[in-house]
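Remarks on the structure that follows.
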Amino acid sequence: MASSNTYRLSCSVPGHEMDVRGLAATWFPEGAFVSVSRDRTARVWLPDSSSNGFTEMHCMNGHTNFVSCVCIVAPSETYPRGLIATGGNDNNVCVFSLDRPDPLYVLKGHKNTVCSLSAGKFGTLLSGSWDTTAKVWLGDKCMMTLQGHSAAVWAVVILPEQGLMLTGSADKTIKLWKAGKCEQTFTGHEDCVRGLAVVSDVEFFSCSNDASIRRWMVSGECVQVYYSHTNYIYSLAVFPNGQDFVSTGEDRTLRIWKKGDCVQTIRLPAQSVWCCCVLPNGDIVAGASDGIIRVFTESEERVASAQDLQAFEDELSKATIDPKTGDLGDIKMEDLPGREHLNEPGNRDGQTRLIKEGGHVEAYQWSMSESRWIKIGDVVGGSSQQPSKKIMYEGKEYDFVFTIDVNEGGPSMKLPYNVTDDPWLTAHNFLQKNDLSPMFLDQVANFIIENTKGHTLGSAPSVGSDPFTGSGRYIPGTGSTVSAPAGVADPFTGKMCGSAYSSSGVRQTITNIYFPKTDGVMFEQANATQILGKLKELNGGAPHVHQLTEEALNSLEKLLLSISDLKTKGQPTVEQISLLWKTCHWPEDIVFPVLDILRLAVRHPEVNRQMCSDTEGVSLCNLLLCLMGPEGRPANQMLALRTMCNLFAAAQGQELLLKQREAVLSRASDLRSVCNKNIHVALATLVLNYAGHLHGQPSELEAKAQCLSVASTALEVVQDKEAVFRLLVALGTMVSGDDSAKGLARSLGISSQITKYCSVSDPAKVGDCCRLVLGELHVCSYRCSVILDQCGCILQPYVLTVRAGFKLAPETHFLETVYRLLWATLATWKRIQFLFS
């Protein structure tokens with residue numbers, strides 16, 4: 001019989017649909033706890049004495065993204081049952097009461113994920129964020145911001161002494177704050193600090209990605225270091241006695257520490273044990289990546305039934321263990337003993353032993369309380385052998401299950417992969433599942449390719465895979481070179497051209513195959529099968545009001561097939577176009593495959609005509625502008641931009657975008673600050689298509705002024721060479737053959753802004769195009785002063801409006817800037833105009 005001081009399973013609490021990321025014991029009801037999850041919910045669980053389990057008492061919704069942390073605000077006169085505060089990946093803190101499912105109020109101010117919360121006396125709340133700051137809140141007001149860390153603030157805690165606060169960061173340090181000022185910095189951890197826990201007024205614990213736990217004095221001394229975990233340690237919770245504690249981590253374990261020693265190791269059938277808390281009765285609650293909450297107890301009365309204990313052990317034994325993420329070391333099957341090795345007892349609780357059984361490796365853990373070896377899983381992917389079997393992950397078999405670290409100091413994520421899969425599509429699906437930015441696409445895909453060399457079956461995937469369709473990505477300029485005038489390659493399509501023209505204004509001979517670019521650049525590549533697969537998958541989980549019938553899905557499939565290849569004779573029907581428009585109003589978190597269909601559809605003349613005419617066109621434009629908003633999802637922002645680029649494929653779309661130019665370019669310009677190269681390329685392409693349409697129209701000087709302004713501001717932040725190249729082509733297209741546009745460009749200082757790109761040789765098209773643009777801008781004439789006078793006449797009404805004290809619309813602010821530059825330089829141009837006569 002197990003000893004009374006050994007923890008065993010009391011119950012498993014299903015309910016969440018994704019990882020459980022935070023836990024906290026509540027003030028009310030007694031014995032209850034609250035959990036938060038990546039499924040965007042927070043739930044309160046009430047003890048059920050009849051079953052030794054817990055039942056869901058209350059579910060709270062308020063976040064628009066993953067919920068990552070939770071804390072309890074102590075009872076007050078206003079809220080005698082206390083409050084629940086949750087932080088999420090939507091950058092917000094939601095504060096709930098127990099009598100309503102929606103937040104009482106939402107705390108806004110952080111610029112990135114809120115990943116840690118702590119409550120103090122008098123309703124004070126401390127929040128930590130990936131934006132490198134911590135904020136102190138009182139009620140719904142931010143009282144102060146704690147700035148000093150150089151990386152994400154992963155852990156925060158308020159000490160019992162009034163005014164003292166602790167923050168732990170991915171910069172490996174802990175800081176002590178008093179009255180908003182940093183009083184002390186604690187160093188010692190060798191990796192990100194992930195958790196903090198209060199021991200007393202003068203002591204606290206910290207845990208880290210370096211797999212260690214440290215005990216600190218507030219005065220700065222580290223008095224003890226604890227080792228037992230073999231991977232990241234995510235959370236700590238202190239027992240009511242104020243000395244013993246529990247920890248959880250990425251090594252699939254929950255570990256119990258007493259008198260400074262790890263006295264018990266409990267393995268869970270999930271890779272990441274994200275969080276834990278201790279209930280007033282001493283029971284331990286743990287949340288993990290499988291979405292299950294498990295409660296462990298040392299009370300015989302609350303231990304689970306023999307049947308449930310056996311079910312838990314069976315679940316554990318079926319797990320698969322990657323030795324690269326556990327504590328198993330380098331495995332050589334030929335050196336491992338057989339089952340007879342289990343006849344020898346272990347010498348400590350949690351000791352791991354590997355045996356060779358029937359051609360594969362099994363892992364066992366020693367239980368001191370039961371004096372026996374318990375199987376904890378099958379080991380796969382040992383370093384000395386090729387994978388001899390598939391790896392089971394989330395109910396499916398894979399050749400590989402990688403551990404990916406995307407965010408600095410962030411938790412590991414699992415990426416399953418089969419050698420027959422497209423690594424680019426796999427990377428895209430991984431980013432979508434984990435709600436990560438598409439900017440990581442290349443990084444993750446290349447990781448897969450590098451780590452599966454020698455295992456790939458069939459033909460290698462195209463490196464230019466579209467991140468949203470799995471087909472060939474549209475990458476203008478790939479493989480093209482700037483060569484002789486005859487037979488040069490088009491930098492946007494790679495096709496061979498029969499002729500090209502030269503600019504006489506360039507000092508060294510460069511063949512201009514770049515601008516003016518008057519035919520629109522489209523985003524055309526797609527894989528209809530992949531798009532439909534994702535559409536059907538998301539439709540299955542869509543809110544009931546948005547779900548499509550089988551007939552509607554078939555109709556969209558026919559539409560997609562008819563528009564994927566414009567050379568086919570298929571003609572979209574009015575019903576299909578109407579259905580597509582209706583589906584475009586799906587919730588923003590699942591609409592992206594519909595937007596992928598939309599950006600293909602608008603290239604078709606009939607779809608372009610119906611969706612871009614009159615009222616329908618304004619509605620379409622408003623929808624796309626909404627998706628491009630600053631709070632929008634990067635995937636939707638990118639696809640909305642691509643759709644606008646493709647609207648230039650037909651006359652109705654061109655007319656619509658010209659009418660909506662000011663609003664479209666103003667909103668698009670705001671996206672330059674988004675750190676996403678796919679968005680930057682789409683933004684540059686939109687400016688290029690506008691430039692191409694305005695080329696040869698000297699009367700459209702105001703439109704060109706806005707395009708030049710957007711291109712100039714974008715070049716200040718854009719780093720991706722393809723985006724830079726397209727912006728340079730747009731500039732060249734706007735100024736080519738148009739002295740008025742050249743005058744505007746010179747006044748905006750574009751020449752000095754782009755000079756740095758002259759030396760770019762990889763790819764060579766960037767440097768060549770830059771020199772050609774500079775050549776155009778430096779061909780001056782005596783008409784410069786006339787041009788500037790014309791510019792002043794065009795812009796004068798806007799400036800007069802400003803001088804009269806009226807507020808300009810946001811989209812016309814750039815005109816004032818342009819005018820002020822022109823005004824300041826006009827006199828100078830007039831004085832030197834004789835030099836060019």
Side-chain angles (χ1 to χ4, degrees), residues 64-65 89-91 428 431-432 435-439 441 466-469 474 522-523 526 531 534-535 538-539 542-543 545-546 548 556 560 563 577-603 607-608 611-612 615-649 653 656-657 659-687 689-690 710 714 723 810-811:
T64 59
N65 209 322
N89 283 44
D90 56 5
N91 309 347
H428 161 66
L431 297 177
Q432 283 289 325
D435 204 37
L436 297 170
S437 168
M439 68 178 287
L441 179 71
D466 189 285
F468 285 85
T469 65
Y474 177 68
M522 307 296 150
F523 292 91
I531 295 176
K534 178 58 69 173
L535 180 69
L538 294 176
N539 183 63
V545 68
H546 293 291
L548 301 176
L556 283 179
L560 178 57
I563 56 153
I577 298 172
S578 177
L579 177 61
L580 173 61
W581 173 244
K582 177 183 177 182
T583 316
C584 285
H585 293 80
W586 266 12
E588 289 193 16
D589 58 336
I590 62 172
V591 75
F592 69 90
V594 184
L595 297 179
D596 225 356
I597 299 175
L598 177 65
R599 62 106 182 168
L600 293 170
V602 297
R603 302 172 304 131
V607 179
N608 197 290
M611 298 193 80
C612 297
T615 305
E616 290 80 3
V618 174
S619 298
L620 173 62
C621 205
N622 288 337
L623 171 68
L624 296 175
L625 289 173
C626 182
L627 292 168
M628 290 161 57
E631 301 299 325
R633 293 171 174 264
N636 295 344
Q637 292 170 335
M638 179 188 72
L639 287 170
L641 281 170
R642 288 185 173 185
T643 301
M644 286 188 167
C645 292
N646 287 359
L647 285 173
F648 278 96
L656 170 66
L657 289 178
K659 289 180 179 178
Q660 301 291 326
R661 167 185 54 77
E662 290 186 0
V664 168
L665 284 177
S666 177
R667 180 59 57 84
S669 180
D670 291 340
L671 295 180
R672 70 188 185 277
S673 60
V674 179
C675 187
N676 184 311
K677 69 177 184 181
N678 293 319
I679 287 178
H680 289 169
V681 170
L683 167 61
T685 306
L686 181 63
V687 177
N689 285 353
Y690 266 110
V710 172
E811 58 266 22

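Numbers here simply count residues along the sequence, with the first being 1.
Between L598 and C584, the shortest heavy-atom distance links the atoms CD2-SG, 3.9 Å. Here the closest non-hydrogen pair linking G653 and C612 is CA-SG, 3.7 Å. Between A601 and V607, the shortest heavy-atom distance links the atoms O-CB, 3.2 Å. The minimum heavy-atom distance between A542 and I590, with the atom names listed, is CB-CD1, 3.7 Å. Scanning all heavy atoms of the two residues, the minimum distance from A723 to A684 falls at O-CB, 3.4 Å. Nearest heavy-atom pair, P634 versus I679, reported as atom, atom and distance to 0.1 Å: O-CD1, 3.7 Å.
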CA sep, side-chain torsions, deciding dist, call: L625, M644, side chain to side chain contact (heavy atoms under 4.5 Å, CB included): CA-CA 10 Å; L625 289 173; M644 286 188 167; 4.0 Å; yes
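In this structure, CD1 in I563 is found 5.0 Å from CG in L600, a value given to the nearest 0.5 Å. Atom-to-atom distance recorded for I597:CD1 and L556:CG is 5.5 Å, nearest 0.5 angstrom. A distance of 10.0 Å separates CE in M628 from OG in S669, rounded to the nearest 0.5 Å. Distance check, rounded to the nearest 0.5 Å: CG of L624 to CD of Q660 gives 10.5 Å. With rounding to the nearest 0.5 angstrom, the NE2 atom of H546 is 11.0 Å from the CG atom of N539. Here L623 contributes atom CG and L620 contributes atom CG; the two are 6.5 Å apart, rounded to the nearest 0.5 Å.
L657 is not listed as a side-chain neighbour of N689, based on a closest heavy-atom distance of 4.5 Å or more. Using a 4.5 Å heavy-atom threshold, the side chains of V664 and C621 count as touching. In this structure, the side chains of V681 and M638 stay at 4.5 Å or more apart for every pair of heavy atoms. The shortest distance between side-chain heavy atoms of L548 and W586 falls below 4.5 Å. With contacts defined as side-chain heavy-atom distances shorter than 4.5 Å, the pair L639/F523 does not qualify.
For the pair N636 (side chain) and L627 (backbone), a donor-acceptor distance under 3.5 Å is absent. For N89 (side chain) and N65 (main-chain N/O), no donor-acceptor pair under 3.5 Å exists by modelled atom type. Side-chain N or O atoms of R642 include none that pairs as donor or acceptor with a backbone N or O of A682 at under 3.5 Å.
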